[in-house]
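The structure appears below as C-alpha cells.
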Protein chains: 2
Amino acid sequence: MESTTETETKIIQAATEVFLEKGKDGARMQEIAQKADINKALLHYYFRSKDKLYETVFRERVFRFLDELFSSVPKTDDIETVLKEFTENYIDLISTHPELVRFILWEIRQGGQFMGDALKDIFEKHGFTKFPFLDKVQNAIQAGTIRSLDPLHLIISVIGVCVYPFIAQPLLEKAIPGIQISSANFLQKRKEEVFKLIWEGIQP
Amino acid sequence: MESTTETETKIIQAATEVFLEKGKDGARMQEIAQKADINKALLHYYFRSKDKLYETVFRERVFRFLDELFSSVPKTDDIETVLKEFTENYIDLISTHPELVRFILWEIRQGGQFMGDALKDIFEKHGFTKFPFLDKVQNAIQAGTIRSLDPLHLIISVIGVCVYPFIAQPLLEKAIPGIQISSANFLQKRKEEVFKLIWEGIQP
DNA sequence: GTCTATACATCGATAGAC
DNA sequence: GTCTATCGATGTATAGAC
C-alpha cells in the first residue's frame with residue numbers, strides 16, 4: 001500500500017495524456033514535464049526512466065480497463081442474455097475510452113509484453129483459467145440452445161464486431177461521409193445490429 | 001512515368017522493413033541506411049526528409065494493398081457468393097500481410113492523413129462513389145434474399161470479423177494457449193465459421 | 001550519384017546546489 | 001523534493017570532395 005504523492009499523481013496524469021496521444025516513441029519527456037508543471041529532472045526522480053514511466057502508465061490504465069471489461073461479463077448462464085448484455089456493455093465501455101483501444105493496439109504491435117502481463121494479472125484476479133465465455137457457449141451448444149459451432153471463433157467474432165468500429169474510427173469517418181462512430185445514434189444502432197447478427201447467426 | 005533507380009528501390013525496400021517493424025517514430029534513418037547498404041546522406045539525397053520517405057513508403061505499400069483488397073470484391077450480384085468469396089479473399093489477403101494491417105492501424109492512430117488520401121485514390125481508380133458492397137446488400141434486401149438490416153453495419157461487421165484476429169494476433173496467441181492465427185488450420189476454420197455466422201445471421 | 005565529415009538540434013538522463 | 005545546468009548519445013540534415 002504505497003501512498004502516492006500529489007506530484008506523482010500529476011506526473012502520471014500528464015504522462016497518460018501524452019503517451020496516449022503520441023505513443024511511446026513519439027512521446028517526449030519534456031512535454032510530459034511541462035504538462036505536469038514540473039521539470040524533466042523530477043520525472044527521473046520519481047520514475048527511473050522513460051520506459052519505467054511508460055510501463056507504469058500502461059499497467060495502471062489498461063488494468064483498470066480490462067478490469068471493467070471482465071466485470072461486464074454477465075453472471076447468468078442464459079446464453080442470449082449473456083451475449084446481449086456483453087455486446088452492449090462492451091460497446092458502451094469502449095465508446096467511453098476510444099483512445100485507450102488504439103493505445104492498446106499500439107502496445108500489441110510492439111510485441112505486447114506489458115499487455116500479456118496485464119491480461120495475466122486480470123485472469124488471476126478474477127480467477128479465470130480461460131476465457132470466461134467459453135464454458136457458457138459450450139453448455140449452450142450441448143443444451144441445443146444454439147447450433148454447433150467453434151466457441152473460440154464465436155468469441156473472436158463477437159469481440160471483433162464490437163471493437164472494430166473504434167479501431168477503424170478515423171478511417172471509417174473518412175470513407176463513409178456522414179457517419180459518426182461516437183454518436184449516440186450510431187452506438188444504439190450498432191448494439192442492435194450486432195446482437196441481431198450474432199444471435200440469428202448461431203440459431204440451431 | 002518516372003523510372004526508379006536501383007538504389008531507390010533498395011532504399012524503399014529497407015525503409016519499408018524498418019517502418020513496418022518500428023513505426024514512424026521508432027524508425028531510425030541510420031538503420032534504414034545500413035539495411036539498404038548505403039549511408040545516411042543518400043537517404044536525404046533521394047528523399048528529402050524522413051517524413052517524405054515515410055510518406056513514399058506508406059503510399060506505395062498501402063495503395064497496393066487496398067488495390068488488391070478492392071479488386072477482391074466479387075463481380076457477381078448473388079449476395080451469398082459475394083459474401084463467401086469476399087470473406088475468403090479478404091482473410092487470405094490479410095493473412096499474407098499481417099504486418100501491413102498493424103502498420104495501417106499505426107497510421108490511423110496518428111490521424112490517418114495518408115490513409116485517407118490512399119483511400120480516396122483507390123476509390124477514384126476503381127470508379128467507386130461509395131463502398132462497393134452497399135448496392136449489392138441493398139438489392140438483396142429488396143429482393144428478399146436476406147432479411148432487413150442496415151447495410152452499413154453489416155459491412156462493418158464483415159470487415160471486423162475478418163480483420164480482427166490479425167489486429168489482435170499477438171494478444172490472442174498469448175491469451176489463448178495453443179492458438180496460431182497464421183496457421184493454415186486456423187485460417188481455414190476461420191473462413192468457414194465467419195461465413196456461416198454472417199450468412200445465417202442475415203437470413204430472412 | 002556516392003561518399004566522408006560534420007553541423008545542429010534534441011533526446012533521455014544525471015550531477016549538484018538548495 | 002525540487003530546481004538549474006549540462007553531459008553524452010543519437011537523431012536528422014547538409015556541405016563539399018570525388
Side-chain angles (χ1 to χ4, degrees), chain A residues 1-62 103 106-107 109-114, chain B residues 1-61 103 106-107 109-111 113-114:
Chain A
M1 282 311 147
E2 73 212 27
S3 77
T4 306
T5 72
E6 193 195 343
T7 306
E8 213 171 322
T9 310
K10 275 201 307 185
I11 294 178
I12 296 237
Q13 247 167 14
T16 304
E17 267 185 61
V18 177
F19 278 131
L20 253 72
E21 189 193 336
K22 306 279 178 68
K24 183 179 169 181
D25 291 326
R28 296 294 159 229
M29 297 296 267
Q30 175 60 37
E31 189 181 349
I32 295 175
Q34 273 174 5
K35 215 159 222 159
D37 211 31
I38 54 166
N39 55 57
K40 279 193 298 175
L42 263 194
L43 293 182
H44 289 87
Y45 174 79
Y46 278 97
F47 308 85
R48 212 182 58 220
S49 66
K50 185 184 181 181
D51 277 346
K52 285 280 176 199
L53 179 55
Y54 174 80
E55 187 180 341
T56 306
V57 165
F58 188 88
R59 295 188 88 93
E60 198 267 343
R61 203 72 184 67
V62 170
F103 184 55
W106 207 320
E107 170 61 23
R109 255 224 50 158
Q110 302 191 335
Q113 180 52 50
F114 300 150
Chain B
M1 281 313 144
E2 74 213 27
S3 76
T4 306
T5 71
E6 193 196 343
T7 306
E8 213 171 321
T9 309
K10 274 201 310 184
I11 293 178
I12 297 237
Q13 247 168 14
T16 303
E17 267 185 61
V18 177
F19 278 132
L20 253 71
E21 188 193 336
K22 306 279 178 68
K24 183 179 169 181
D25 291 325
R28 296 296 161 227
M29 296 296 268
Q30 175 59 38
E31 190 180 349
I32 295 175
Q34 271 174 6
K35 216 160 222 157
D37 210 31
I38 54 165
N39 54 56
K40 284 191 291 177
L42 263 194
L43 293 182
H44 290 87
Y45 174 78
Y46 279 96
F47 308 86
R48 213 181 56 221
S49 66
K50 185 184 181 182
D51 277 346
K52 286 281 177 198
L53 179 56
Y54 174 80
E55 187 180 341
T56 305
V57 165
F58 187 87
R59 294 187 89 92
E60 199 267 342
R61 205 72 184 70
F103 185 53
W106 208 318
E107 170 62 21
R109 255 226 50 162
Q110 301 190 334
Q113 179 54 50
F114 300 149

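Letters go in sequence order (proteins before strands), and every chain restarts at 1.
In this structure, A:D37 has no salt bridge (charged side-chain N to carboxylate O under 4.0 Å, His left out) partners at least two apart in sequence or on a different chain. Under the rule for a side chain to side chain contact (heavy atoms under 4.5 Å, CB included), the partners of B:R48 that lie at least two apart in sequence or sit in another chain are B:K52. Annotation: salt bridge (charged side-chain N to carboxylate O under 4.0 Å, His left out) contacts of B:K22 (sequence neighbours excluded): B:E31. Considering only residues two or more places apart in sequence or on other chains, B:E107 meets the salt bridge (charged side-chain N to carboxylate O under 4.0 Å, His left out) condition with none of them.
A salt bridge between A:K10 and A:E6 is absent, with no side-chain N of the basic residue lying under 4.0 Å from a carboxylate O of the acidic one.
Mapping heavy-atom proximity under 4.0 Å, the span of DNA chain D touched by chain A runs 5' to 3' from D:dG1 to D:dT4.
Exactly one of B:T7, B:T56, B:I32 qualifies for a side-chain contact (heavy atoms from CB on, under 4.5 Å) with B:I12. That residue is B:T56.
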Polar pairs (N or O, both sides) under 3.5 Å between protein and nucleotides 7-11 of chain C?
residue, atom, partner, partner atom, Å
C:dC11, O3', A:R28, NH1, 3.4

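What separates CG of B:L43 from P of C:dT4 is a distance of 13 Å, to the nearest Å. The nearest whole Å value for the distance from the CG atom in A:L42 to the P atom in C:dA15 is 16 Å.
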What verdict does the ring pair (Phe, Tyr, Trp, His ring centres under 6.0 Å) test give for B:F19 and B:F103, after you've listed the backbone C-alpha separation in whole Å, the side-chain angles of each residue and the deciding distance to 0.1 Å? CA-CA 8 Å; B:F19 278 132; B:F103 185 53; 7.3 Å; no

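Annotation: side chain of A:T5 is in contact with side chain of A:Y46 (closest heavy-atom distance under 4.5 Å).
When heavy atoms are screened at a 4.0 angstrom cut-off, A:Y46 is found touching the sugar-phosphate backbone but no base atom.
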